[in-house]
> 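Below you will find the structure I want to go over with you.
In the text below, chain A, chain B and the rest are named by the order of the sequence lines, each starting its count at 1.
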Amino acid sequence: MAFTFASWNINSIRARAHLVQEWLERNPSCDLLCLQEIKCEDHQFPAVFAEAGLHVATSGQKAYNGVALIGRRPFEVTTHNLPGFEHPSARYIEAKMDDVTIGNLYLPNGNSGGEEGYATKLAFFDALTLRARQFLAEEREFAFIGDYNVCPTDEDLAPNALSATDALVRPQTRAAFRRLLWTGLTDGLRALRPEGRHYTFWDYQAAAFQRNSGLRIDHALLSPRLAQRLTDIQIDRDERAREKASDHVPLIVTV
DNA sequence: ATGACGCCACACTGGCGA
């Protein structure tokens, strides 16, 4: 039985609810959509999705961050925050659909707030890595999907798109990503496309999309059993060309 | 190529985050 789930940093759900509605109509096989940067409180999340019979769960806050799940089938929310990550920002929501646990995450960017802001990014990685170890010990079938704000290798960004000191590419950031990956997870995109540049984000500035000056920072990390089931992974690049587009595009995983 | 975007508030412009 095929299961399809997707990640999309939407950069304000209230500004782009229509884009999500249209995307869901064009992608009827997507069972669960994981959104990041909804930029609103729970009660402000657009009602159109629930009204259309979809299942919705949110972990929101005022103005910044915020994550949400939109399902075609019911799911059970297992937590509204990442255990062990004490910072008061809405960056994680996790649910079980059928027998698969999906952790939907929005990792701190790490370029603001000085060294303290960067430390928050590493703290999120530490907590997520602990949760991965716990799930692996339970032999649970799971995926951690979302905006990691990390370009794992030099092949995951356009040449000169970022400075070497940017928090998205710092060696310490990449080491934290590898520590998580090397607990035994699989980077879904690289499992099926081991080479080449495949971006999920293009900055609004400096005509980045037109120049294809992008980054691969949205990732789906899969548990061993889920990785074995992986049949397809797509980056919906066309979404970036739409009017009023988010700066990120959907990443779609089929197992 | 620094030419954008969305949010909020001491609000109609500027600061912040990304």
Side-chain angles (χ1 to χ4, degrees), chain A residues 7-23 34-46 48 58-68 82 85 87-93 104-125 128 145-152 156-170 172-174 176-177 197 199-219 236-251:
Chain A
S7 172
W8 193 4
N9 179 322
I10 197 62
N11 185 21
S12 172
I13 186 61
R14 289 179 294 174
R16 288 185 244 281
H18 61 291
L19 290 178
V20 176
Q21 284 179 277
E22 289 163 19
W23 188 88
C34 303
L35 297 171
Q36 302 91 36
E37 281 205 89
I38 62 171
K39 289 188 172 178
C40 68
E41 295 178 279
D42 295 334
H43 71 274
Q44 299 174 308
F45 195 87
V48 289
T58 59
S59 181
Q61 67 175 85
K62 188 187 270 197
Y64 304 118
N65 311 317
V67 288
L82 177 60
F85 179 69
H87 195 266
S89 55
R91 294 180 176 275
Y92 190 79
I93 188 167
N104 172 21
L105 64 105
Y106 174 49
L107 235 134
N109 176 292
N111 281 311
S112 65
E115 279 310 302
E116 193 181 322
Y118 186 68
T120 305
K121 179 172 194 153
L122 297 181
F124 193 103
F125 262 117
L128 195 62
I145 189 168
D147 179 359
Y148 282 73
N149 270 313
V150 176
C151 303
D156 296 311
L157 72 163
N160 305 313
L162 298 175
S163 82
T165 57
D166 193 287
L168 278 59
V169 297
R170 275 163 68 166
Q172 220 179 339
T173 306
R174 288 176 166 174
F177 183 84
R197 298 181 191 269
Y199 307 135
T200 63
F201 166 96
W202 294 262
D203 202 293
Y204 290 120
Q205 294 190 82
F209 185 58
Q210 287 78 359
R211 293 185 296 123
N212 196 28
S213 179
L215 313 175
R216 187 173 80 96
I217 53 177
D218 300 274
H219 308 293
D236 190 354
R237 190 181 196 282
D238 293 346
E239 195 62 38
R240 186 65 180 80
R242 301 185 93 82
E243 186 103 8
K244 289 262 291 176
S246 168
D247 41 6
H248 297 248
V249 297
L251 174 69

> In whole Å, measure the gap between the C1' atoms of B/dC12 and B/dC7 for me.
15 Å
> Between A/Ile145, A/Leu251, A/Asp147, which is the residue that forms a side-chain contact (heavy atoms from CB on, under 4.5 Å) with A/Cys34?
A/Ile145
> So, A/Lys121 and A/Asn109: side-chain donor and acceptor under 3.5 Å apart, yes or no?
no
> Ring centres of A/Phe124 and A/His87 under 6.0 Å apart?
no
> Taking B/dG6 as the reference, what is the distance to B/dC10 when you measure between their P atoms (whole Å, please)?
23 Å
> Using atom CG of A/Asp147 as one end and atom C1' of B/dG17 as the other, report the distance to the nearest whole Å.
13 Å
> What residues form a salt bridge (charged side-chain N to carboxylate O under 4.0 Å, His left out) with A/Asp156, not counting sequence neighbours?
A/Arg190, A/Arg216
> Say whether A/Trp8 and A/Asp218, considering side chains only, have a donor N or O and an acceptor N or O under 3.5 Å apart.
no
> Under 4.0 Å between a side-chain N or O of A/Arg91 and OP1 or OP2 of B/dA18?
yes
> Whole angstrom is fine here: how far is it from CD in A/Gln36 over to C1' in B/dC5?
17 Å
> Rounded to whole angstrom, note down the P distance from B/dA18 over to B/dC8.
15 Å
> What one-letter contact string describes nucleotides 6-13 of chain B from 5' to 3', where B marks a base within less than 4.0 Å of any protein heavy atom, S marks contact via sugar-phosphate atoms alone, and - marks no contact?
SSSS----
> What's the gap between B/dC16 and B/dT2 when it is taken at their P atoms, as a whole Å value?
23 Å
> Report yes or no: do A/Asn9 and A/Glu37 form a side-chain donor-acceptor pair below 3.5 Å?
yes
> Between A/Gly113 and A/Gln210, which is nearer to the 5' end of DNA chain B once each is assigned its nearest nucleotide?
A/Gln210
> OH of A/Tyr106 versus P of B/dG17: gap in Å, rounded?
11 Å
